[in-house]
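Per chain, numbering begins at 1; letters A, B, ... match sequence-line order.
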There are 2 protein chains.
Amino acid sequence: MQTRRYHHGDLRAALLDRAEQTLREKGPGALSLRELARDLGVSHAAPSRHFKDKQALLDALALTGFERMEAALTASQEAAGESFAERLGALVRAYVDFAVANAVLLDLMYTVKHEPEASEALIAAAHRLAAMAVELAADGQRSGDVREGPVERIAMPLFTTLHGFAGFATSGVLSADEVASGLDDVIAYMLRGCAADGREVTWSEGAPGLHCLVPRPPRGTSHPV
Amino acid sequence: MQTRRYHHGDLRAALLDRAEQTLREKGPGALSLRELARDLGVSHAAPSRHFKDKQALLDALALTGFERMEAALTASQEAAGESFAERLGALVRAYVDFAVANAVLLDLMYTVKHEPEASEALIAAAHRLAAMAVELAADGQRSGDVREGPVERIAMPLFTTLHGFAGFATSGVLSADEVASGLDDVIAYMLRGCAADGREVTWSEGAPGLHCLVPRPPRGTSHPV
DNA sequence: ACCTGAACACCGTTCAAGT
DNA sequence: ACCTGAACACCGTTCAAGT
């Protein structure tokens, strides 16, 4: 019968799928391994063959979240225009869209863990996301849109803003309307924050025609802020 | 005897205290109402007089987190210098310091809740924190350090960056060293992001002498980004 | 290799009853 | 008003045993 083959085939994936669904529908408090097993027509001890404990399942789920987020961000960059501003805007939108569509999952991804060894893989996954911001900033430096300096130090505040905005969106501190209407303010602010001196900053997606000029630094300045 | 009077006096506060301690020492997964009651020498049903269920206790604890964070931010502003940059820097440091010193609590404060009625008080508390950033931005506008425009829309990206940086700090995405060394990059980026056109931006705490000039916008621009 | 069934120690929540 | 004690239904985890 079909269910038999399914579980034989991939109980591990079925557990992750079902866990995410319950997480989405009933929240993290309602997730139990026994109920998961029941739903999948399997004994309550079966999950332990695939995940040593509940936390291991949650960690694995968080990891798939990072992987899907990475795919979403990559897709956003491939679909985006060529200008730095367009690519940054696309990255922000993709991150925030994924976050609000997977709020509980995002919580899981960035939740403080207490066994450092378990967090390693998750932190590495987060660093792969951050690397995309670094890549974007490096491109921006090549095109002259982004200020000079160590590119990781320039990308970090950008990625930080992204993460904070997504966090406020998922936790409800910002309403859906506020998220939608605030996106352009955030993007414009990010552009200004990383802009090369002497570069005109233009951001026109949500609020057409807004722009400003970031000037050259005063002579004699060794390291422009 | 002493313990008897203590519990009679304020079992509710004792539960919150003890819950925070276990949270800090053993993590959120290890928190149980029954153990809490045992530790306090009280029957396992006693907590239900003060919190209708476990989530209610966690929500109450999160609320005290917001209150203490608000106090820390207020204190930072009272201790800070007069310049906008100094006050912003002090706010960022205070937020991040509180976050790393209370990582699990911060998680709890901003965790996605599934009963909207329970979240209301927490969201209101978060808004009180955000109001401090709005106040600071408004002062910055009066002193000419911060660009013109609706002050909430200017403060939101700032507060968002703060929150994201704290989130990376508590979740371990940024190491303690990276947090310490990244603080000035973040602050300088924030200053640039909200600076008034034509204003010289100076930030010299961690990296003395760094500064740049944000110029006047090109003539004819209605709304500088 | 993968799963079952029973067993163990622990939960959260409720409710009559005590003081 | 505040707490107790027993009861209920549910957990996570382990482990010998099955196929």
Those residues at least two apart in sequence (or on a different chain) that pass ring pair (Phe, Tyr, Trp, His ring centres under 6.0 Å) with B:Phe98 are none

With sugar-phosphate taken as primed atoms, P, OP1 and OP2 and all else as base, the protein-contact string of nucleotides 11-19 of chain D at under 4.0 Å (heavy atoms; B, S, -) is SBBBBB---

When rounded to whole Å, the CG to C1' distance for the pair B:Leu15 and D:dC3 reads 12 Å

Contacts satisfying ring pair (Phe, Tyr, Trp, His ring centres under 6.0 Å) that involve residues 28-49 of chain B (not counting sequence neighbours) are none

Applying the Watson-Crick and G-U criteria (both distances under 3.5 angstrom) with [ ] for crossing and | for other-strand pairs, one obtains for DNA chain D ||.|||||...|||||.||

note: B:Leu40, atom CG; D:dC3, atom P; distance rounded to Å ~ 11 Å

- Message: Side chains of B:Tyr189 and A:Thr161: any donor to acceptor distance under 3.5 Å?
- Response: yes

Here the ring pair (Phe, Tyr, Trp, His ring centres under 6.0 Å) pairs for residues 56-86 of chain B, sequence neighbours left out, are B:Phe66-B:Tyr110

The side-chain hydrogen bond (donor to acceptor under 3.5 Å, both in side chains) partners of B:Gln21 (sequence neighbours excluded) come to B:Glu25

TODO: State whether A:His50 places a side-chain N or O below 4.0 Å from either non-bridging phosphate oxygen (OP1 or OP2) of C:dC3.
DONE: yes

*Flag for B:Thr64-B:Arg68: side-chain donor and acceptor within less than 3.5 Å*: yes

**Prompt:** Does A:Asn102 use its side chain to pair, donor to acceptor, with the backbone of A:Leu105 at less than 3.5 Å?
**Reply:** no

Nearest heavy-atom contact between B:Thr170 and B:Ala99 is CG2-O, 3.2 Å

